[in-house]
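All ligand and atom numbering here is 1-based and tracks the order in the structure. The figures here come from the full heavy-atom set of this structure, side chains too, leaving out hydrogens, waters and symmetry mates. As the structure is a computational prediction, the values presented were derived from the model and not from experiment.
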Amino acid sequence: MTDKRKVRKAVFPVAGLGTRFLPATKAVPKEMLTVVDKPVIQYVVDEALEAGIEHLIFVTGRSKAVIEDYFDIQVELDQTLRERNKKAEIELLEGILPKAGTTSFTRQQAPLGLGHAVWCARDLVGNEPFALLLPDMIMKGEKGCLKGMVELYEQSGGNVIAVEECAPDQAHKYGIVGVGDKIGDGFKITKMVEKPAPGTAPSNFFINGRYILQPEIFPILELQERGAGNEIQLTDGMVKLSGEQPFAAYHFRGDTYDCGAKDGFILANVAFALERGDIRPSVEGPLKALLQSLQ
Ligand code: UTP
């Protein structure tokens, strides 16, 4: 029977080296870089909470302790804000503090790949389906990407992967899925290929960094050999799991910003700033003037 148990837990693998964002990431995890005034990880956690996730599991690495601190109370700051009666700031911090006992942290001791980072969360996830959110990808849509996936999962059960369309000549850069029968806001997946050779991709739907997976992925990842880049690859594990369990794709219709890359990060800052009533008036004019000056 296809597993449709509720998705209660979300895994955030934050143990990567972030080499595309050096030198900033020498001392600051890329997940803590700010988009307007919030760290990237906050946007991704908010997406998980919007989808009904109850427990947040972070797979961290060395020099990522600041992420754990961010999701805790900062006692001195809290005290000072109270002494100064800074009500708005106190409320802001209270609003983003996870409830006691709803976060867990484990360490990936060496960055052996995304598949390995996910496997490190196996005991914290246990024997139940879970969401996996790549914490450097920010999704902006009318409905959160994971929320849409959970709705599809309630129909399809099994495993669900979010996909978006790319230009066909760009498909070789991504994990690509084959398109089967329509289901909800997506379709059944017929196959998965990581970075297909140019001209061989089964479609132009690429895997965008959000997953709902069944716990049977863990024993597969445990046995897994190194794949592309000499890393333990999640996609290789999913390809094996798809031999035993159904996979559906959720077609996310919104904007995705890869904040692990400089261009995606800058675009995210501009897009989110222009949505903010308190910031747009002072940046829109200068931005337009800047673009015009380049013409
Ligand atoms: P990326 O390849 O985008 O992240 O992995 P990276 O390795 O940190 O970045 P670059 O390429 O060097 O700039 C996708 C996600 O998987 C996590 C990363 O933190 C990122 O969120 N990851 C990757 C791990 O947690 N552990 C790993 O061993 C590899």
Side-chain angles (χ1 to χ4, degrees), residues 9-35 39-48 56-68 70-71 103-125 130-139 145-146 161-164 166 170 172-175 192 194-195 206-213 217-218 221-222 224-238 256-268:
K9 299 181 179 177
V11 174
F12 304 87
V14 290
L17 295 177
T19 54
R20 284 170 296 160
F21 231 122
L22 282 169
T25 45
K26 186 180 170 199
V28 182
K30 62 179 167 181
E31 300 80 8
M32 290 305 293
L33 298 174
T34 48
V35 169
V40 171
I41 188 77
Q42 182 72 58
Y43 290 85
V44 184
V45 162
D46 287 347
E47 182 189 329
L56 313 171
I57 299 170
F58 298 88
V59 181
T60 72
R62 269 189 300 282
S63 81
K64 302 273 181 158
V66 63
I67 298 176
E68 198 162 343
Y70 176 77
F71 288 105
T103 53
S104 297
F105 297 84
T106 188
R107 282 216 176 179
Q108 184 192 26
Q109 289 146 341
L112 300 180
L114 176 60
H116 182 261
V118 173
W119 177 74
C120 289
R122 67 199 179 282
D123 282 352
L124 293 170
V125 170
F130 63 100
L132 168 65
L133 297 95
L134 297 195
D136 47 3
M137 307 295 287
I138 298 185
M139 317 287 190
C145 181
L146 188 64
I161 303 178
V163 297
E164 286 171 56
C166 65
Q170 297 296 304
H172 63 281
K173 294 184 179 166
Y174 301 102
M192 276 178 263
E194 185 62 39
K195 301 191 177 63
F206 70 95
I207 300 174
N208 75 359
R210 298 290 186 265
Y211 314 77
I212 293 173
L213 295 170
I217 191 76
F218 292 124
L221 293 174
E222 177 151 358
Q224 205 163 295
E225 313 210 325
R226 308 253 181 144
N230 201 29
E231 292 193 337
I232 297 175
Q233 294 287 350
L234 177 68
T235 310
D236 295 344
M238 293 194 304
T256 296
Y257 300 96
D258 179 0
C259 293
K262 290 161 201 168
D263 49 1
F265 174 77
I266 289 164
L267 287 171

Identify, for [atom], the protein heavy atom at the shortest distance, and state residue, atom and that distance.
atom: atom 9 (O) of ligand 1; value: K30 NZ, 3.2 Å
atom: atom 16 (O) of ligand 1; value: L114 CD1, 3.5 Å
atom: atom 24 (C) of ligand 1; value: G16 N, 3.4 Å
atom: atom 7 (O) of ligand 1; value: L17 N, 3.9 Å
atom: atom 12 (O) of ligand 1; value: T19 OG1, 2.5 Å
atom: atom 25 (O) of ligand 1; value: A15 N, 2.9 Å
atom: atom 8 (O) of ligand 1; value: G18 N, 2.9 Å
atom: atom 28 (O) of ligand 1; value: G113 N, 2.8 Å

So which bit of [X] gets within less than 4.0 Å of ligand 1, heavy atoms only: side chain, backbone, both or neither?
X: E231; answer: neither
X: E31; answer: side chain
X: A117; answer: side chain
X: V59; answer: neither

Distance in Å, [X] [atom1] paired with [Y] [atom2], rounded so as to fall on 0.5 Å steps:
X: N208; Y: I161; atom1: CG; atom2: CD1; result: 10.0 Å
X: S104; Y: D123; atom1: OG; atom2: CG; result: 11.5 Å
X: Y174; Y: T235; atom1: OH; atom2: OG1; result: 14.0 Å
X: I207; Y: E194; atom1: CD1; atom2: CD; result: 6.5 Å
X: Q233; Y: L112; atom1: CD; atom2: CG; result: 11.5 Å
X: L146; Y: I212; atom1: CG; atom2: CD1; result: 5.5 Å

| task | Select the closest option to atom 2 (O) of ligand 1 among Q233, Q108, R20, judged by heavy-atom distance. | result |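 Of the listed residues, R20 has the closest heavy atom.
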| remark: Heavy-atom proximity to atom 15 (C) of ligand 1 ranks first, among V44, L234, L134, V40, for L134
| said: Determine whether I217 and M238 satisfy the following criterion, side-chain contact (heavy atoms from CB on, under 4.5 Å), listing intermediate values before the conclusion. | reply: CA-CA 7 Å; I217 191 76; M238 293 194 304; 4.2 Å; yes
| field | Under 3.5 Å donor-acceptor, K30 side chain and G260 backbone | value | no
At a 4.0 Å threshold, what atoms of ligand 1 neighbour a non-hydrogen atom of [X]?
X: P135; answer: 21 (O)
X: P111; answer: 28 (O)
X: L112; answer: 28 (O)
X: D136; answer: 3 (O), 20 (C), 21 (O)

| field | Aromatic ring proximity F58/F71, centre distance under 6.0 Å | value | yes
| message | Given C145, which partner from the list M137, E47, E164 fulfils the side-chain contact (heavy atoms from CB on, under 4.5 Å) test? | response |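 When side-chain contact (heavy atoms from CB on, under 4.5 Å) is applied between C145 and each of M137, E47, E164, only E47 qualifies.
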| Would F21 and L33 satisfy side-chain contact (heavy atoms from CB on, under 4.5 Å), going step by step from the backbone distance to the final call? | CA-CA 10 Å; F21 231 122; L33 298 174; 4.0 Å; yes
| task | Establish whether atom 5 (O) of ligand 1 and some protein heavy atom are separated by less than 4.0 angstrom. | result | no
| task | Start with the C-alpha gap between F130 and I57, add the side-chain angles, then the distance that decides, and say whether side-chain contact (heavy atoms from CB on, under 4.5 Å) holds. | result | CA-CA 10 Å; F130 63 100; I57 299 170; over 6 Å; no
| message | Counting only nitrogen or oxygen atoms and a 3.5 angstrom limit, does P13 reach ligand 1? | response |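 The answer is yes, given that P13 and ligand 1 share an N or O pair closer than 3.5 Å.
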